[in-house]
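Here's the structure, in structure tokens; my notes come after.
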Amino acid sequence: MKILNLLFIASLLLISSKPILAVSPKTNTVGRILLQVEKNGEAWYVYPKSNFRYFLGRPADAFSVMRKLGLGAKHDFITKSETFSASLSGLILLDVENHGEAYYINPIDLKKHYLGRPSDAFALMRELGLGISNIDIEKIPVGDINNYLIDSTTKNLKTNTELIDNKVPFVSQAPFGDWKDERQQDGCEEASALMAVAWARGDALSKEKALREVLNISDFEKKKYGEYRDIATSDALDWIYKDYLGFENAELKNNITVDDIIGELRAGKIVVAPMNGQELGNPNFTAPGPERHMLVIRGYDFRSKEFITNDPGTRHGEAYRYKKDILYKAIRNYETGYHELIQGVRRDIIVIKK
């Protein structure tokens with residue numbers, strides 16, 4: 001466990017007299033340790049056999065990376081070699097004949113670096129860590145250390161994380177197309193909550209039930225809280241999920257990144273997010289689309305870099321896909337009220353778990 005505590009401490013202690021190297025367009029990140037400089041210096045390891053990145057932020061995360069991605073090697077081979085072949089560039093070697101000590105093979109000079117003590121790991125992060133922006137790191141797919149296997153024939157890493165999709169029941173906010181009813185016209189928050197909670201509870205969700213509940217929730221909000229049209233995420237959480245539906249396995253998260261959303265999905269959760277619907281470019285919306293909108297994010301496709309959503313704003317919204325960058329850019333919290341002025345961009349979400 002010593003090895004890991006290091007990487008955890010190092011990821012937090014980024015203040016150093018030596019500048020952190022930075023990614024350029026031509027930088028090869030394979031096998032490198034990356035420091036997410038725009039997000040508290042969080043550390044990632046890019047595994048050479050897959051080019052996926054793995055989080056090194058907590059001791060348990062780093063331990064899993066070492067244990068599952070480390071390559072076993074003989075004691076003499078590790079200790080007597082000064083430099084290693086290019087085939088081992090960026091890999092972590094484990095001394096299987098001693099106590100499993102871990103060594104990182106630096107892709108730059110192919111020399112080993114011991115990961116045993118906190119001071120060693122801190123020095124490794126400081127000296128070899130490569131600073132990277134949020135935009136650039138999002139170009140590298142996130143690997144799931146708990147879901148992978150190595151093909152014994154090709155020796156290439158295969159992963160079942162190419163597609164994450166939590167099957168969430170779908171309903172439109174106007175289940176039978178009555179968009180003239182203002183409660184349904186403005187029912188995206190209510191419909192999203194119904195889908196999310198039905199998924200979490202394992203309940204069925206028919207059109208009839210959805211219509212009844214969208215109307216009932218709207219009337220409930222109007223009577224108790226004075227508004228049902230544009231509902232901010234914090235109020236939606238308190239009024240709809242907790243008060244009306246009596247559901248507690250939901251929490252608000254503020255100022256999220258793309259990685260945060262993918263991380264929640266990977267953990268078996270789903271996300272409800274407020275949107276500027278006009279930025280989504282959904283051809284099924286009545287142009288130009290709703291400026292204040294809410295939908296369910298149920299999955300992510302690593303291959304196409306698309307989020308999979310249940311978008312209640314259209315009858316074609318089940319498993320509707322949005323490109324990662326388009327959806328993330330469109331996330332924007334809004335104020336409770338009716339077309340209240342939106343000041344700034346606040347990327348807040350509601351996370352739901354079973």
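None of these values were measured; they are calculated from a predicted model. Nothing fancy with the numbering, it's 1 onward along the sequence.
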Closest contact, heavy atoms only, G90 versus Y104: O-CE1, 3.8 Å
hydrophobic_cluster_shared for F77 and I92, side chain cutoff 4.5 Å: yes
Side-chain donor or acceptor of E227 paired with backbone N/O of R229 under 3.5 Å: yes
Non-hydrogen side-chain atoms of M195 and F170 separated by less than 4.5 Å: yes
N/O donor-acceptor pair under 3.5 Å between E291 side chain and N276 backbone: no
Over all atoms of both residues, closest heavy-atom pair of K269 and I352: CB-O, 3.2 Å
For P48 against S89, the heavy-atom pair lying closest together: CG-O, 3.4 Å
With T286 via side-chain hydrogen bond (donor to acceptor under 3.5 Å, both in side chains) - residues at least two apart: none
Side-chain H-bond candidate by donor/acceptor type, E182 with Y228, under 3.5 Å: yes
Check: D219/N216 side-chain N/O donor and acceptor closer than 3.5 Å: no
H293 versus D311, side-chain donor and acceptor atoms under 3.5 Å: yes
Under 3.5 Å side-chain donor-acceptor pair for T233 and D348: no
Side-chain donor or acceptor of S81 paired with backbone N/O of T83 under 3.5 Å: no
Distance-only donor-acceptor check, side chains Y322 and N282, under 3.5 Å: yes
Any donor-acceptor pair under 3.5 Å from D136 side chain to I132 backbone: no
Aromatic plane relationship, Y225 with F220 - under 30° parallel, 30 to 60° tilted, over 60° perpendicular: perpendicular
Any residue meeting salt bridge (Lys or Arg N to Asp or Glu O under 4.0 Å) with R321, in chain and number order, not counting sequence neighbours: D301, E306
Side-chain H-bond candidate by donor/acceptor type, N166 with R298, under 3.5 Å: no
Y300 and F307 aromatic centres sub-6.0 Å: yes
Donor-acceptor contact below 3.5 Å, side chain T336 vs main chain A232: yes
Polar contact flag, side-chain donor to acceptor under 3.5 angstrom, Q36-W44: yes
Ring centres under 6.0 angstrom apart (Y103, Y114): yes
D76/K74 salt bridge by N-O under 4.0 Å criterion: no
R346: partners by side-chain hydrogen bond (donor to acceptor under 3.5 Å, both in side chains), with sequence neighbours left out: E335
Single hit among E190, E221, E213 for side-chain hydrogen bond (donor to acceptor under 3.5 Å, both in side chains) with Y244: E213
Smallest separation among heavy atoms of G31 and P107, with atom names: O-CG, 3.6 Å
hydrophobic_cluster_shared for V171 and L215, side chain cutoff 4.5 Å: no
K207 side chain vs F176 backbone, donor-acceptor pair below 3.5 Å: no
